[in-house]
K.L.:
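Sharing a structure with you now.
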There are 2 protein chains.
Amino acid sequence: MGKTGTNPKAILDLDRIVHEPARLAILTVLASAEEVAFLFLQRVTGLSKGNLSSHTQKLEGAGYLETVKAFQGRIPVTSFRITEDGRTALRAYHQQLRALLPKEGKP
Amino acid sequence: MGKTGTNPKAILDLDRIVHEPARLAILTVLASAEEVAFLFLQRVTGLSKGNLSSHTQKLEGAGYLETVKAFQGRIPVTSFRITEDGRTALRAYHQQLRALLPKEGKP
DNA sequence: GAAACAAGTTTGTATTGCAAACTTGTTTTG
DNA sequence: CAAAACAAGTTTGCAATACAAACTTGTTTC
């Protein structure tokens, strides 16, 4: 009896900021560390610098992360931290995905 | 111990055809029925006609569904069926999502 | 038979995602 | 020590979307 099907309209409500794979990757990394440096984030996601830059800007615009600019000696280092809003959005997104996934082992 | 984090690069490999919410909604509906009429699909997804038309065309181009044009009496009725490839792609997508979701009840 | 309606498709536009080119500063080297 | 190479990011330009408004073709209704 368990109709698995979520209401298809709910799928259209997914947070597009989070849904974009590059940004989901970024948020996923940020969620597991206190602060992450630009170059580390680039290596671990495999994104190009330009791409990473614009996606982090978008995430910052959405209030999902904050940018920390500092100096390591005399070279500039940009790092990111996920915000509370970002964490909340990511969790909400995960919940939405869970809701739309069929229970493991459907025909 | 249990590092939940999937490799972030894997997130970038998500099938973009399926990942788009409108198309995911469409495929989800199609996967649960043998054949679905255009207008029914429109009502259940909430998509506009134009939108639905172009997304189904894209899915057809990808080989994920097939279009069936018929007549109900004398009015034309367009319906869709998911293909084997479509079903495979949807299942693969579900697997990828499961892999990146943290186990229920993380801090 | 003209006017409203139905079922889809095509067209136009604004938004994106992406990488190449640029900027600013630092290190290396001839 | 000047110039060339390099590093860290950002901005710019372009191709690909996603979306809805306008159009097309055919059918009822009045």
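Being a predicted model, the structure only gives us computed values, none of them experimental. Scope of the values below: all heavy atoms of this structure, side chains included, with no hydrogens, waters or symmetry mates. All chains are named by letter (A, B, ...) in the order of the sequence lines, taking the proteins before the strands, and each is independently numbered beginning at 1.
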K.L.:
Whole angstrom is fine here: how far is it from CD in Gln57(A) over to C1' in dA19(C)?
P.N.:
15 Å
K.L.:
With a 4.0 Å limit, can you tell me whether Lys58(A) has a side-chain N or O closer than that to the phosphate oxygens OP1/OP2 of dT16(C)?
P.N.:
yes
K.L.:
For Ile75(B) and Arg16(B), find the nucleotide of DNA chain C closest to each by heavy atoms; which residue's nucleotide sits nearer the 5' end?
P.N.:
Ile75(B)
K.L.:
Under 4.0 Å, counting only non-hydrogen atoms across every strand here, what does Thr78(B) touch: a base, just sugar-phosphate, or nothing?
P.N.:
sugar-phosphate
K.L.:
Are any non-hydrogen side-chain atoms of Ile11(A) and Thr28(B) less than 4.5 angstrom apart?
P.N.:
yes
K.L.:
Atom CD of Gln42(A) and atom CG of Leu52(A): how far apart are they, to the nearest 0.5 Å?
P.N.:
6.5 Å
K.L.:
Between Phe80(B) and Ala22(A), just flag the one whose closest nucleotide in DNA chain C comes earlier from the 5' side.
P.N.:
Phe80(B)
K.L.:
Enumerate the salt bridge (Lys or Arg N to Asp or Glu O under 4.0 Å) contacts for residues 71-80 of chain B, please, sequence neighbours excluded, ordered by first and then second residue.
P.N.:
none
K.L.:
Using a 4.0 Å cut-off to any heavy atom of chain B, which nucleotides of DNA chain D are the first and last in contact, reading 5' to 3'?
P.N.:
dT17(D) to dT28(D)
K.L.:
Output every pair passing salt bridge (Lys or Arg N to Asp or Glu O under 4.0 Å) with a member in residues 18-37 of chain A, not counting sequence neighbours, ordered by first then second residue.
P.N.:
Glu20(A)-Arg16(B), Glu34(A)-Arg81(A), Glu35(A)-Arg81(A)
K.L.:
By the 4.0 Å heavy-atom rule, please label Leu52(B) as base, sugar-phosphate, or nothing.
P.N.:
nothing
K.L.:
Over how many whole Å does the gap from Glu20(B) atom CD to dG17(C) atom C1' extend?
P.N.:
13 Å
K.L.:
Would you say a side-chain N or O of His55(A) is under 4.0 Å from OP1 or OP2 of dT16(C)?
P.N.:
no
K.L.:
Which one of Gln95(B), His94(B), Gln96(B) satisfies the side chain to side chain donor-acceptor pair (under 3.5 Å) criterion with Arg98(B)?
P.N.:
Gln95(B)
K.L.:
Using atom NZ of Lys49(B) as one end and atom P of dT10(C) as the other, report the distance to the nearest whole Å.
P.N.:
15 Å
K.L.:
Can you give me the closest heavy-atom contact between Lys49(B) and Phe38(B), atom names plus distance?
P.N.:
O-CZ, 3.6 Å
K.L.:
Specify the separation, in whole Å, of atom CZ of Phe71(A) and atom C1' of dT26(C).
P.N.:
11 Å
K.L.:
So which one's nearest nucleotide on DNA chain D is more toward 5', Ser48(B) or Thr56(A)?
P.N.:
Thr56(A)
K.L.:
Can you measure Asn51(A) atom CG to dT16(C) atom P for me and round it to whole angstrom units?
P.N.:
15 Å
K.L.:
How long is the straight-line distance from CG of Leu90(B) back to CD1 of Ile17(B), given to the nearest 0.5 Å?
P.N.:
13.5 Å
